[in-house]
Amino acid sequence: MKIKIENYLDSLFDDIHETKQVRELKEEMAANLLDKINDFIANGDNKEKAFKKGVASLGNVDELINNLRTASQAKVERNLLKPKPLNKKHVMGYMTATVVLLLGFVVAGIVYLLSNNVIYGVATFVSFAVVSSALYVYYGLTQETAFNYGMKAPRALAYSVASAATLAGIFMPLLLYLNGNRLVAVFTVLLLLIIPSIIAFIYLGLTEKSREKITAVSGYQQLNPQSVKVKDTLSGAIWIFATAIFLIGIFVRWQYWKYSWIVFLFAAGFQVVLEAFFQSRRR
Amino acid sequence: MNGKISSDLLRGHTDTIVLGILQYGDSYGYEIYKKIIEKSDGLYELKEATLYSSYRRLEQEGNINSYWGDETQGGRRKYYTITSSGEQVYHQNKLDWEFTKKIIDRLL
């Protein structure tokens, strides 16, 4: 009976954005309605009749619902207009990231002057920049703005680590190469850093949920089926082309595999961009 | 000829009726509803939806406060308690009603 009542009340309020207020009203009404129905049953009604009588005696809930709708709409709008000041944690986070970056300049300068080797200097700076960018990404994603909620910490951490690995994966092999290291070593470092982070990005991109604050009380618009189809087709095309280019490379000259696999990196990049593009159209 | 109840007239006094019941102690939705039926000797049954609107209004105006009971069976009840400003409002409304009633009695 309790579940039946709850379902009934849910259906009554189903076109209102469920705020704490609405949830509590439903809970209150459910308890009272249950008491009343139990009284009807105690007076000899069967369950079905008692439920019907109880629901009928609620009367016209239109006024109640309209008031709640106005209130919840007003609340959502107020929240949108309210500027979101940075909290202490984020201020500290951004400051730390900036300090690390500036420190990177200074230390890199010193390293360069002591060693007289540009590559050492740049390598030092890149190390600092990687840490700093990881911090920026993490705090940027977890920050709540007027239109979006902050990302959950574990997810933001994954993005942060993946982008740090990507950054390191681009610059470290480049520096190793310029330093005259063997190409095998250069590629090993590149693959070890880039591939896991691309896998991470693809996973994160595909499982991304909208953090948009609901602006319309009736809920937010989902992607329409048409654009989901377009997205899937484009995504399929990207990977087929990438595979085709890779295979053509090998067929032309089999040693080309060393280079042609790079198209998969681009394909993965396009996939993420595609995902982001369709995500941003969700409004 | 039997008189019929004027729902419109009564509805205008819902808030005061609720305050009047809460004067005797804290209560929750269904109990308040039953007390209203009981006090009117079963002649008047307020619709619950009207009462919920009334609780919301009274709470926003600061005339009542609410808290959750600690029932374990059947779901938590929301209890209402009258505030001192609620008591003042009740007495003022009652005085106003007495005065209005006197005039209407003379006019009708």
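Here is the naming used below: chain letters follow the sequence lines, and residue numbers restart at 1 for every chain. Predicted model only: the values in this text are computed from it and were never measured.
- Residue A/Glu24 touches chain B through both its backbone and its side chain, counting heavy-atom pairs closer than 4.5 Å.
- For A/Tyr203, the OH atom sits in a loose shell: 12 or fewer heavy atoms of surrounding residues, nucleotides or ligands are nearer than 6.0 Å.
- Neither the backbone nor the side chain of A/Ile5 comes within contact range of chain B; no heavy atoms are under 4.5 Å apart.
- Within the 4.5 Å cutoff, no side-chain heavy atoms of A/Val61 are placed close to those of B/Tyr52.
- Between A/Glu28 and B/Arg77 no salt bridge is recorded (no basic side-chain N to carboxylate O distance below 4.0 Å).
- Enclosure of atom CG in B/Asp70 is not indicated, since only 12 or fewer non-hydrogen atoms of other residues, nucleotides or ligands lie within 6.0 angstrom.
- Each of A/Asp39, A/Leu25, A/Ile65, A/Leu33 has some count of heavy-atom pairs under 4.5 Å with chain B, and the biggest count is that of A/Asp39.
- The number of heavy atoms from other shown groups lying within 6.0 Å of NZ (A/Lys53) is above 12.
- Within 6.0 Å of the CD1 atom in A/Ile3, the count of heavy atoms belonging to other residues, nucleotides or ligands does not exceed 12.
- Across all non-hydrogen atoms, the minimal contact from B/Ala49 to A/Gly59 is CB-C, 4.2 Å.
- For the pair B/Arg56 and A/Leu64, the tightest heavy-atom approach, listed with the atom from each and the gap, is CD-CD1, 4.0 Å.
- Residue B/Tyr30 forms a side-chain contact (heavy atoms from CB on, under 4.5 Å) with just one option from A/Asn38, A/Leu34, A/Asp35, and that option is A/Asp35.
- The side-chain heavy atoms of B/Thr50 and A/Glu63, taken from C-beta on, include no pair separated by under 4.5 Å.
- Here A/Asn60 contributes atom CG and B/Glu48 contributes atom CD; the two are 13.5 Å apart, rounded to the nearest 0.5 Å.
- Proximity to chain B is absent for every atom of A/Met1, based on heavy atoms less than 4.5 angstrom apart.
- Looking only at side-chain heavy atoms (C-beta outward), A/Asn32 and B/Tyr28 come within less than 4.5 Å of each other.
- When every heavy atom of B/Lys47 is checked against every heavy atom of A/Leu58, the shortest pair comes out as CB-O, 3.9 Å.
- For OH of A/Tyr94, the number of neighbouring non-hydrogen atoms (other residues, nucleotides, ligands) closer than 6.0 Å is greater than 12.
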